[in-house]
*Asks:* 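Take this structure, written in structure tokens, and hold onto it; I'll ask about it next.
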Amino acid sequence: MLVDTFGRTATDLRVSLTDRCNLRCSYCMPPEGLDWLPKPEVLTDDEVVRLVTVGVRDLGITEVRYTGGEPLLRRGLPEIVRRTAALAPRPQISLTTNGIGLARLAGALAGAGLDRVNVSLDTLDPAVFKRLAHRDRHADVLAGLSAARDAGLAPVKINAVLMRGINDHEAVPLLRFCLENGYRLRFIEQMPLDAQHGWSRDGMITADEILARLGEEFSLAPDDREDRGSAPAETFLVDGGPATVGVIGSVTRPFCGACDRVRLTADGQIRNCLFATDESNLRDALRGGATDDEIAERWRKAVWTKRAGHGIDDPSFLQPARPMSAIGG
Ligand code: SAM
Ligand code: SF4
């Protein structure tokens, strides 16, 4: 098992399949993009599957989420999903995507064994989308969303990040859209993980603000039907339910004490936290001929040293060198 010194156990593996992306969301990367990882440094499909196999078979990973960058840009994705679904014990398999290309791929991914999908959608307005993501692809995201629902990848979850002065007037319309279309909406507080280091505590829209705005139009009651467990989202019944909305207060309502996540970057580094400042290099171990047992041992050591919390409020907080797109959100 992957345990740390605070007694937490990591069972949820987030695998970044690429640091590349076809959008440029301003809370994530600059309009001109970033220097992408050179291809030889990126794990091959076989290497990804080998590391995921060690995680699932030997280290107690029960949930595998493929992310990025934009994971749909990875040509081998359906085959990676198919091979993940063949593992024993079979993990839950999910995908976090911006939705571009999902209209074409949702059926193949569901057929390969994908269980669930989270699609990022921050606005209902194509002009705001273009301003926020620097690409004119809003219609592709909406098409991807409905294809995911039609392919049975239900419940389709939507992730939304609100930015002051850009899309913060859309909390209510986004929720209304999700209620009408059967999508499950979760707002995520903006975190200091953008490549440009443009985040500021004063600029971010807080969970309290999001709830206040939603509360003007809907009645929200804490959803006590299920134990929150390690889930980062606080969930609320909307107008008595059964529909819900989630708010992930990563900054103002941290859930580090219940965190069960561990991350594998596209270049094969284990990160025990989004905000970790060090990494453990499984790729070089693997390419250097390490056995599965040796890889598992290195992985255990990497998780053991996980810090108690992200420490964003600590005066000594340092934003990690890798931006979100290169870690895997
Ligand atoms: N490209 C895919 C997507 O956008 O869904 C997957 C990778 S993206 C890094 C994963 C999630 O992280 C998205 O929902 C995105 O909105 C979120 N995200 C990116 N930068 C963020 C930030 N600085 N703060 C909070 N969430 C962020
Ligand atoms: Fe790309 Fe996702 Fe980052 Fe947006 S949030 S730029 S879609 S990786």
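Indexing begins at 1, ligand by ligand and atom by atom, following the structure's order. Every value quoted in this text rests on a predicted model; they were computed, and no experiment measured them.
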*Asks:* Using distance alone, decide if ligand 1 has a nitrogen or oxygen within less than 3.5 Å of any nitrogen or oxygen in Pro71.
*Replies:* no
*Asks:* Does some side-chain heavy atom of Asp208 sit less than 4.5 Å from a side-chain heavy atom of Arg253?
*Replies:* yes
*Asks:* Distance alone, cut at 3.5 Å: any donor-acceptor contact between the side chains of Thr123 and Asp125?
*Replies:*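 No, no side-chain donor-acceptor contact under 3.5 Å.
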*Asks:* Specify the closest pair of heavy atoms between Arg137 and Leu23, including all atoms of both residues, with the distance to one decimal.
*Replies:*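 Heavy atoms only, the tightest pair is CG-CD2, 4.1 Å.
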*Asks:* Please check if any side-chain donor atom of Thr96 sits under 3.5 Å from a side-chain acceptor atom of Arg65, or the reverse.
*Replies:*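 Yes, side-chain donor-acceptor contact under 3.5 Å.
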*Asks:* Given Arg186, Met204, Arg14, Glu189, which has its nearest heavy atom closest to atom 25 (C) of ligand 1?
*Replies:*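 The nearest heavy atom belongs to Glu189.
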*Asks:* Tell me which part of Thr67 gets within contact of ligand 1: side chain, backbone, both or neither, using heavy atoms under 4.0 Å.
*Replies:* side chain
*Asks:* So, is Asp194 polar-close to ligand 1, with some N/O to N/O distance under 3.5 Å?
*Replies:*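 Between Asp194 and ligand 1 (N or O atoms, distance only) the closest approach is not under 3.5 Å.
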*Asks:* Which residue and non-hydrogen atom of the protein lie closest to atom 3 (Fe) of ligand 2, and at what distance in Å?
*Replies:*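 For atom 3 (Fe) of ligand 2, the nearest protein heavy atom comes out as Cys28 SG, 2.5 Å.
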*Asks:* Do Leu17 and Leu87 belong to the same hydrophobic cluster, where Ile, Leu, Val, Met, Phe, Trp and Tyr are linked whenever their side-chain heavy atoms lie under 4.5 Å apart, directly or via other members?
*Replies:* yes
*Asks:* Under 4.0 Å from any heavy atom of Gly68, which atoms of ligand 1 are there?
*Replies:* 7 (C), 9 (C)
*Asks:* Which of the numbered atoms in ligand 1 are below 4.0 angstrom from a heavy atom of Asn98?
*Replies:*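 Reading through ligand 1 atom by atom, the close ones are 2 (C), 3 (C), 5 (O).
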*Asks:* Using the side-chain contact (heavy atoms from CB on, under 4.5 Å) definition, which of the options Val48, Thr44, Leu43 pairs with Asp46?
*Replies:*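 So the option named by the test is Thr44.
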*Asks:* Do ligand 1 and Thr96 have nitrogen or oxygen atoms that lie under 3.5 Å from each other?
*Replies:* no
*Asks:* Within the 4.0 Å heavy-atom shell around Cys21, which atoms of ligand 2 are there?
*Replies:* 1 (Fe), 6 (S), 7 (S), 8 (S)
*Asks:* Tell me yes or no: between the side chains of Thr252 and Glu189, is some donor less than 3.5 Å from an acceptor?
*Replies:*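 Yes - a donor-acceptor pair under 3.5 Å links their side chains.
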*Asks:* Just checking, any donor-acceptor pair under 3.5 angstrom between side chains of Thr62 and Gln92?
*Replies:*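 No, no side-chain donor-acceptor contact under 3.5 Å.
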*Asks:* Suppose we measure from atom 20 (N) of ligand 1 to each protein heavy atom; which comes out shortest, and what is that distance?
*Replies:* Tyr27 CD1, 3.3 Å
*Asks:* Does Asn118, backbone or side chain, put an N or O under 3.5 Å from an N or O of ligand 1?
*Replies:* no
*Asks:* Does CZ belonging to Arg184 count more than 12 external heavy atoms closer than 6.0 Å?
*Replies:*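 No, CZ of Arg184 has 12 or fewer neighbouring heavy atoms, counting only those of other groups under 6.0 Å.
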*Asks:* If you count the atoms of ligand 1 from 1 in the order shown, which ones are under 4.0 Å from a heavy atom of Gln190?
*Replies:*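 Result: 24 (N), 25 (C).
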*Asks:* Atoms of ligand 1 less than 4.0 Å from Val161 heavy atoms?
*Replies:* 16 (O), 26 (N)
*Asks:* Who's the nearest protein heavy-atom neighbour of atom 9 (C) of ligand 1, and how far?
*Replies:*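 Nearest neighbour among protein heavy atoms for atom 9 (C) of ligand 1, to 0.1 Å: Met324 CG, 3.3 Å.
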*Asks:* Please list, in number order, the atoms of ligand 1 under 4.0 Å from a heavy atom of Glu70.
*Replies:*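 The atoms of ligand 1 under 4.0 Å from a heavy atom of Glu70 are 1 (N), 2 (C).
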*Asks:* Find all atoms of ligand 2 within a distance of less than 4.0 Å from any non-hydrogen atom belonging to Cys25, and give their numbers and elements.
*Replies:* 4 (Fe), 5 (S), 6 (S), 7 (S)
*Asks:* For Asn159, take its heavy atoms, then give the atoms of ligand 1 lying under 4.0 Å from any of them.
*Replies:* 14 (O)
*Asks:* Looking only at side chains, do Tyr66 and Thr84 share a donor and an acceptor under 3.5 Å apart?
*Replies:*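 Yes.
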*Asks:* Among all protein non-hydrogen atoms, which one is nearest to atom 24 (N) of ligand 1, and what is the separation to 0.1 Å?
*Replies:* Met191 N, 2.8 Å
*Asks:* Please report the interatomic distance SG(Cys25) to CG(Asp122), rounded to the nearest 0.5 Å.
*Replies:*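 Spacing of SG (Cys25) from CG (Asp122) equals 6.0 Å.
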*Asks:* Hey, are Asn272 and Asp4 close enough side-chain-wise for a donor-acceptor pair under 3.5 Å?
*Replies:* no
*Asks:* May I ask you to identify the nearest protein heavy atom to atom 4 (O) of ligand 1, giving residue, atom name and distance to one decimal place in Å?
*Replies:* Ser120 OG, 3.3 Å
*Asks:* Test your reading of the structure: does Gly69 have an N or O sitting under 3.5 Å from an N or O of ligand 1?
*Replies:*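 Yes: some nitrogen or oxygen of Gly69 is under 3.5 Å from one in ligand 1.
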*Asks:* Have a look at ligand 1 and work out which part of Thr97, if any, has a heavy atom under 4.0 Å from it: side chain, backbone, both or neither.
*Replies:* backbone
*Asks:* So if I apply the salt bridge (Lys or Arg N to Asp or Glu O under 4.0 Å) rule between Asp45 and each of Arg74, Arg50, Arg83, which one comes out positive?
*Replies:* Arg74
